[in-house]
Amino acid sequence: MLEEEYEPRRLGKPFHLRRMEPPEPAFAYAIRPATAQDMPDVRQIYNHYVTNTMVTLDTETRTLRTWRAKFAYLTRLDLPFLVAVSPTGQVLGYALCEPWVQKRSARFTAEESIYLRPASTGKGLGTALLRALMAAGRQAGLKQLLAVIADGGAESSIALHRSLGFKETGRMGRVAFKFDRWIGTVMMQSTLR
């Protein structure tokens, strides 16, 4: 047998003797009331959706000053504003309730919004945040919670709301123009008991 026909020398240990990589840590988070210090992260999450998706009808990013003013306003009204944070403290997503219309007679009705960091989607965080927001809304005295969902690629958002008891109450077509396309909305509603 010629030397070049010998089995090549093994590099490294056999598979069963190799050190295994530690498993990826489980997706973990805690949901808590938002603070003013969370607003830079909230702004970053929201602005991603403004510039990259049709999930929001906004076409202009929001400033930190705008988010701080919104936070102060919702706090003054005692409306829920929640964040989900990782064990290291990174804000993974947020959910909030804001007045549906500026009329005293509608004070028991709010519109909700939920946005997640893109890496946090598809892991059950949206469901957990919406459940927590509904509970916080009940505690704040809200009776009706509304969702206005842009219809461009909103199937997962509609399914999430349906899974937690929201009912579709209407649709409006071609109410916004973004990324050279018309967008409609799906209206959903939940009675908080």
Side-chain angles (χ1 to χ4, degrees), residues 27-103 106-142 144-150 152-154 156-157 160-161 175-179 183 185-188 190 192:
F27 183 69
Y29 56 86
I31 297 174
R32 62 167 172 76
T35 66
Q37 290 74 30
D38 296 320
M39 293 306 106
D41 289 322
V42 167
R43 174 183 160 263
Q44 180 187 33
I45 291 167
Y46 184 75
N47 286 346
H48 164 80
Y49 287 94
V50 171
T51 58
N52 297 294
T53 74
M54 297 193 353
V55 170
T56 175
L57 303 181
D58 279 342
T59 56
E60 303 292 324
T61 57
R62 290 189 184 165
T63 65
L64 186 53
R65 182 178 183 181
T66 302
W67 275 106
R68 286 186 173 141
K70 181 187 274 269
F71 174 74
Y73 174 64
L74 297 179
T75 301
R76 206 169 42 252
L77 294 177
D78 200 27
L79 288 172
F81 194 144
L82 306 175
V83 291
V85 294
S86 72
T88 61
Q90 181 187 36
V91 175
L92 303 173
Y94 71 91
L96 60 85
C97 289
E98 53 192 319
W100 174 53
V101 292
Q102 298 293 325
K103 297 187 184 335
R107 68 187 174 278
F108 300 111
T109 302
E111 182 181 338
E112 55 86 2
S113 295
I114 297 176
Y115 289 92
L116 305 178
R117 222 173 256 288
S120 300
T121 61
K123 299 176 180 175
L125 181 57
T127 302
L129 263 173
L130 185 52
R131 275 196 181 115
L133 188 68
M134 292 170 78
R138 274 186 218 97
Q139 196 169 19
L142 296 174
Q144 299 294 326
L145 203 52
L146 307 177
V148 180
I149 303 167
S156 60
S157 185
L160 164 64
H161 286 82
V175 295
F177 191 73
K178 184 176 180 181
F179 300 143
I183 308 167
T185 58
V186 178
M187 313 289 283
M188 299 187 82
S190 177
L192 300 178

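For the single chain, residues carry numbers from 1 onward in sequence order.
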Atom of [X], atom of [Y] and distance for their closest heavy-atom approach:
| X | Y | value |
| --- | --- | --- |
| A176 | L57 | CB-CD2, 3.8 Å |
| F71 | A34 | CE1-O, 3.4 Å |
| M54 | A150 | O-CB, 3.2 Å |

Find the distance between [atom1] ([X]) and [atom2] ([Y]) and round it off to the nearest 0.5 Å.
| X | Y | atom1 | atom2 | answer |
| --- | --- | --- | --- | --- |
| E98 | S113 | CD | OG | 5.0 Å |
| R68 | Q37 | CZ | CD | 8.5 Å |
| M39 | L64 | CE | CG | 9.0 Å |
| I149 | I183 | CD1 | CD1 | 14.0 Å |
| T56 | N47 | OG1 | CG | 9.5 Å |

Practice prompt. Spell out, as yes or no, whether a donor-acceptor pair under 3.5 Å connects the side chain of Y49 to the backbone of L116.
Written response: yes
*Hey, does the side chain of K178 reach the backbone of T53 with a donor-acceptor pair shorter than 3.5 angstrom?*
yes
- Carboxylate-amine/guanidinium contact D38 R32, below 4.0 Å: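 Judged by the 4.0 Å cut-off on N to carboxylate O distance, D38 and R32 do form a salt bridge.
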request  = Give the intermediate values and the outcome of side-chain contact (heavy atoms from CB on, under 4.5 Å) for residues V186 and H161.
outcome  = CA-CA 11 Å; V186 178; H161 286 82; over 6 Å; no
Residue pair [X] / [Y], side-chain heavy-atom distance below 4.5 Å:
| X | Y | result |
| --- | --- | --- |
| T51 | T61 | yes |
| L142 | C97 | yes |
| Q144 | L192 | no |
| L146 | T109 | yes |
| H48 | P118 | yes |
| L96 | E112 | no |
| Y94 | I45 | yes |
| S120 | F27 | yes |

message: Please report whether the ring centroid of W100 lies less than 6.0 Å from that of F108.
response: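 No, the ring centres sit 6.0 Å or more apart.
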Residues 49-62 vs salt bridge (charged side-chain N to carboxylate O under 4.0 Å, His left out), sequence neighbours excluded, gives D58-R62
Would you indicate whether R131, at its atom CZ, is surrounded by more than 12 heavy atoms from other residues, nucleotides or ligands within a distance under 6.0 Å?
->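 No - once you tally the heavy atoms of other residues, nucleotides and ligands closer than 6.0 Å, there are 12 at most.
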Steps toward side-chain contact (heavy atoms from CB on, under 4.5 Å) verdict (W67, K70):
CA-CA 5 Å; W67 275 106; K70 181 187 274 269; 3.5 Å; yes
T59 vs V50, test: side-chain contact (heavy atoms from CB on, under 4.5 Å). Steps then yes/no. CA-CA 6 Å; T59 56; V50 171; 5.7 Å; no
Exercise answer: donor-acceptor pairs, residues 76-93 side-chain atoms, under 3.5 Å, sequence neighbours excluded:
| residue | atom | partner | partner atom | Å |
| --- | --- | --- | --- | --- |
| S86 | OG | T88 | N | 3.3 |
| S86 | OG | T88 | OG1 | 2.9 |
| S86 | OG | G89 | N | 3.4 |
| S86 | OG | Q90 | N | 3.1 |

